[in-house]
Amino acid sequence: MSLPAPEPSTTVVITGASSGIGTELARQLAERGYNLVLVARRRERLEELAGMLRARHGIAVDLDDAPVGDPDARACLIGSLHEGERKVVGLCNNAGFGTYGRFQRLDFKREQEEVRVNVDAVHHLTGALLPRMLERGAGAILNVASVAGFQPIP
């Protein structure tokens, strides 16, 4: 399957959209005419980006600043996506972060949050949005990851 051509009734969801790769994905997809749902914790950055994209490209941009690492917040996001007027034709799982060090010395709560964001959120969002893409026979999911995930470490 691939990302279908943009239409007024379709949208692409981007997590981690407030900076870096997420912001660039938003710019590139907006330039191609896709409506967007931008997800990130930093509301001010999302609002600034959304305003610029709306003005330059005339697209619809919705915002969600709930943390994707929170299962209840994710469930609300998914509910709003399923109930919304536009069909989700794309998902960019871009939110994520990494830690480094000896596991026993790292903050365990932070490590758990890392798993919730980098694993649980990707799994949950993909599982929730993929079935409708498959039903329509069109859609795309991009999982952004670091090459560090493929490096051997002790």
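Numbers here are sequence positions counted from 1.
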Is there a side-chain contact between [X] and [Y] in this structure, where contact means two heavy atoms from C-beta onward sitting under 4.5 Å apart?
X	Y	result
R110	T99	yes
R74	D120	yes
L81	V37	yes
F108	E113	no

In terms of heavy-atom contacts, does [atom1] of [X] have more than 12 from other residues, nucleotides or ligands at under 6.0 Å?
X	atom1	result
E111	CD	yes
I141	CD1	yes
H82	NE2	yes
R56	CZ	no

- Message: Checking L36 against I59 for the side chain to side chain contact (heavy atoms under 4.5 Å, CB included) test, could you report, in this order, the C-alpha distance in whole Å, the side-chain angles of both residues, the deciding distance, and whether it holds?
- Response: CA-CA 8 Å; L36 302 172; I59 60 165; 4.0 Å; yes
Out of curiosity, [X] [atom1] to [Y] [atom2], how far, rounded to the nearest 0.5 Å?
X	Y	atom1	atom2	result
K87	E135	NZ	CD	11.5 Å
E44	D65	CD	CG	8.5 Å
L25	L142	CG	CG	6.0 Å
L129	L134	CG	CG	11.0 Å
E47	S18	CD	OG	12.0 Å
Y34	R86	OH	CZ	14.0 Å

Whether the [X] and [Y] side chains hold a donor-acceptor pair (N or O, under 3.5 Å, no angle test) is what I'd like checked.
X	Y	answer
R42	S19	yes
N35	T10	no
R32	Q28	yes
S9	E85	no

Answer yes if [X] and [Y] sit in the same cluster of Ile, Leu, Val, Met, Phe, Trp and Tyr residues linked by side chain heavy atoms under 4.5 Å apart, and no otherwise.
X	Y	result
V89	V13	no
L38	I78	no
V88	V39	yes
L130	I14	no
L29	V144	yes

[X] to [Y] - nearest heavy-atom pair and separation:
X	Y	answer
V117	G96	CG1-CA, 3.7 Å
A17	L49	O-CD2, 3.5 Å
V68	A121	O-CB, 3.5 Å
P67	A73	O-CB, 3.6 Å
L63	A50	CD2-CB, 3.8 Å

- Task: Taking S80 for its side chain and L77 for its backbone only, find out whether a donor-acceptor pair lies under 3.5 Å.
- Result: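 Side chain of S80 to backbone of L77: a pair is present.
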- Query: Given the rule in the side chain to side chain contact (heavy atoms under 4.5 Å, CB included) test, do N93 and L125 qualify, once you have shown the distances and angles that lead to the verdict?
  - Reply: CA-CA 8 Å; N93 284 309; L125 289 168; 3.8 Å; yes
- Query: Looking at R116 and D70, does any basic side-chain N land under 4.0 Å from a carboxylate oxygen?
  - Reply: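 Result for this pair is no, no salt bridge flagged.
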